[in-house]
Amino acid sequence: MRMLRIATAVTALFGLPSYAVAQTPDAIAAKGETAVLTVHAEGAQVYECKADPSGKLAWQFREPVATLMADGKTVGRHYAGPTWELVDGSRVQGKLAGRAPGAAAADIPWLKLEAVEPHGPGALAGIATIQRINTRGGQFEGACDTAGATHAAPYAADYVFLRK
């Protein structure tokens, strides 16, 4: 692992403070990129009971649903796509580019996502990479008896938005 300074020079739009240093695994490192925004997410990873390729019912990840916060304020939302949308109207989707295990078995993995489909000017304009770090919770396993049933597994994470 290498140290990645997540000192955010966050936009005046939010007037947010810089964030502390975090350990970032090489598998999700964004070499040569600069962190411009870090937000905290609280929400759920939603799972659906569906048939797997063999026809057996199993819980499968469907979508995240989370509120994005910074400095105690709601600054956006995170939802299916995966998509991050801020109150300034900027929005970006991510495409999986790397993963590292969470700290505990119940924690969803840390991710590196390539930013795709940007929309609108604002804090997310020009974002190249999104990292999901410091995850807590979000994993779900258990009996899956009814097709179409859903389960929301609570989770928290930090999302780091980087530019080249």
Side-chain angles (χ1 to χ4, degrees), residues 4 6-20 22 24-25 27-30 33-50 59-104 106-141 148-164:
L4 172 68
I6 304 175
T8 57
V10 181
T11 65
L13 172 70
F14 299 125
L16 304 174
S18 293
Y19 285 78
T24 303
I28 67 161
E33 296 185 24
T34 303
V36 294
L37 176 65
T38 300
V39 296
H40 180 71
E42 295 277 347
Q45 298 284 306
V46 179
Y47 295 85
E48 184 174 0
C49 184
K50 294 171 68 172
W59 290 107
Q60 297 177 33
F61 175 73
R62 187 174 89 181
E63 64 187 329
V65 177
T67 299
L68 303 177
M69 297 171 283
D71 199 29
K73 301 173 190 162
T74 297
V75 297
R77 63 191 184 118
H78 175 43
Y79 54 93
T83 303
W84 295 263
E85 184 174 354
L86 299 182
V87 295
D88 68 1
S90 61
R91 178 176 69 224
V92 68
Q93 288 188 330
K95 177 181 170 185
L96 185 62
R99 74 174 52 225
D107 299 338
I108 54 177
W110 290 25
L111 299 178
K112 175 182 179 180
L113 301 113
E114 173 189 341
V116 296
E117 297 191 34
H119 174 78
L124 298 180
I127 294 300
T129 302
I130 304 122
Q131 293 170 319
R132 179 174 75 189
I133 62 172
N134 303 327
T135 59
R136 290 188 323 273
Q139 292 283 22
F140 181 70
E141 294 180 12
T150 59
H151 178 82
Y155 93 106
D158 293 326
Y159 290 96
V160 182
F161 300 89
L162 303 106
R163 290 193 182 121
K164 291 184 178 184

List for me each residue that meets side chain to side chain donor-acceptor pair (under 3.5 Å) alongside Glu42, sequence neighbours excluded, and say none if there are none.
His40
Check side chain to side chain donor-acceptor pair (under 3.5 Å) between Tyr47 and all other residues, then give those that pass, not counting sequence neighbours.
none
Would you sort out whether Leu111 and Gln131 count as a side-chain contact (heavy atoms from CB on, under 4.5 Å), showing the intermediate values?
CA-CA 6 Å; Leu111 299 178; Gln131 293 170 319; over 6 Å; no
Taking side chain as C-beta onward, heavy atoms only, is [X] less than 4.5 Å from [Y]?
{"X": "Phe161", "Y": "Ile130", "answer": "yes"}
{"X": "Thr129", "Y": "Glu114", "answer": "no"}
{"X": "Leu37", "Y": "Ile127", "answer": "no"}

Heavy atoms of other groups near Glu141 CD, more than 12 under 6.0 Å
no
Between Asp107 and Gly137 (side chain of the first, backbone of the second, donor and acceptor by atom type, cut-off under 3.5 Å), is there such a pair?
yes
Backbone N or O of Ala103 within a donor-acceptor pair of the Arg136 side chain at under 3.5 Å?
no
List the residues meeting side chain to side chain contact (heavy atoms under 4.5 Å, CB included) with [X], not counting sequence neighbours, and say none if there are none.
{"X": "Ala149", "answer": "Cys49, Trp59, Thr146"}
{"X": "Glu48", "answer": "Lys50, Arg62, Thr150"}
{"X": "Ala66", "answer": "Ala41, His78, Tyr155"}

Considering residues at least two apart in sequence or located in another chain, which fulfil the salt bridge (charged side-chain N to carboxylate O under 4.0 Å, His left out) criterion with Glu63?
none
Quick one: pull up CG in Leu124 and CZ in Arg163 and give me the separation to the nearest 0.5 Å.
8.0 Å
First locate atom CG of Leu162, then atom OG1 of Thr34, and finally report the distance between them rounded to the nearest 0.5 Å.
7.5 Å
Checking Leu113 against Trp84 for the side-chain contact (heavy atoms from CB on, under 4.5 Å) test, could you report, in this order, the C-alpha distance in whole Å, the side-chain angles of both residues, the deciding distance, and whether it holds?
CA-CA 12 Å; Leu113 301 113; Trp84 295 263; 4.0 Å; yes
Under the side-chain contact (heavy atoms from CB on, under 4.5 Å) rule, what do Ile28 and Ile133 come out as? Steps first, then yes or no, please.
CA-CA 9 Å; Ile28 67 161; Ile133 62 172; 3.9 Å; yes
State, to 0.1 Å, how close Ala157 and Thr135 come at their nearest heavy-atom pair, and which atoms those are.
CB-CG2, 3.9 Å
Which pair of heavy atoms, one from Ala152 and one from Pro154, lies closest together, and at what distance?
O-CD, 3.5 Å
Pairs where residues 75-85 contributes a residue and the test salt bridge (Lys or Arg N to Asp or Glu O under 4.0 Å) is met, not counting sequence neighbours
Arg77-Glu85
Tell me, with the steps shown, if Phe140 and Gln45 meet side-chain contact (heavy atoms from CB on, under 4.5 Å).
CA-CA 9 Å; Phe140 181 70; Gln45 298 284 306; over 6 Å; no
Tell me which pairs pass side chain to side chain donor-acceptor pair (under 3.5 Å) where either residue lies in residues 89-100, with sequence neighbours left out.
Thr83-Gln93, Asp88-Ser90
Taking ring-ring contact (aromatic ring centres under 6.0 Å, His included) as the definition, give me every residue that meets it alongside His119, ordered by chain and number, with sequence neighbours left out.
none
Single hit among Asp158, Ile108, Val160 for side-chain contact (heavy atoms from CB on, under 4.5 Å) with Arg132:
Ile108
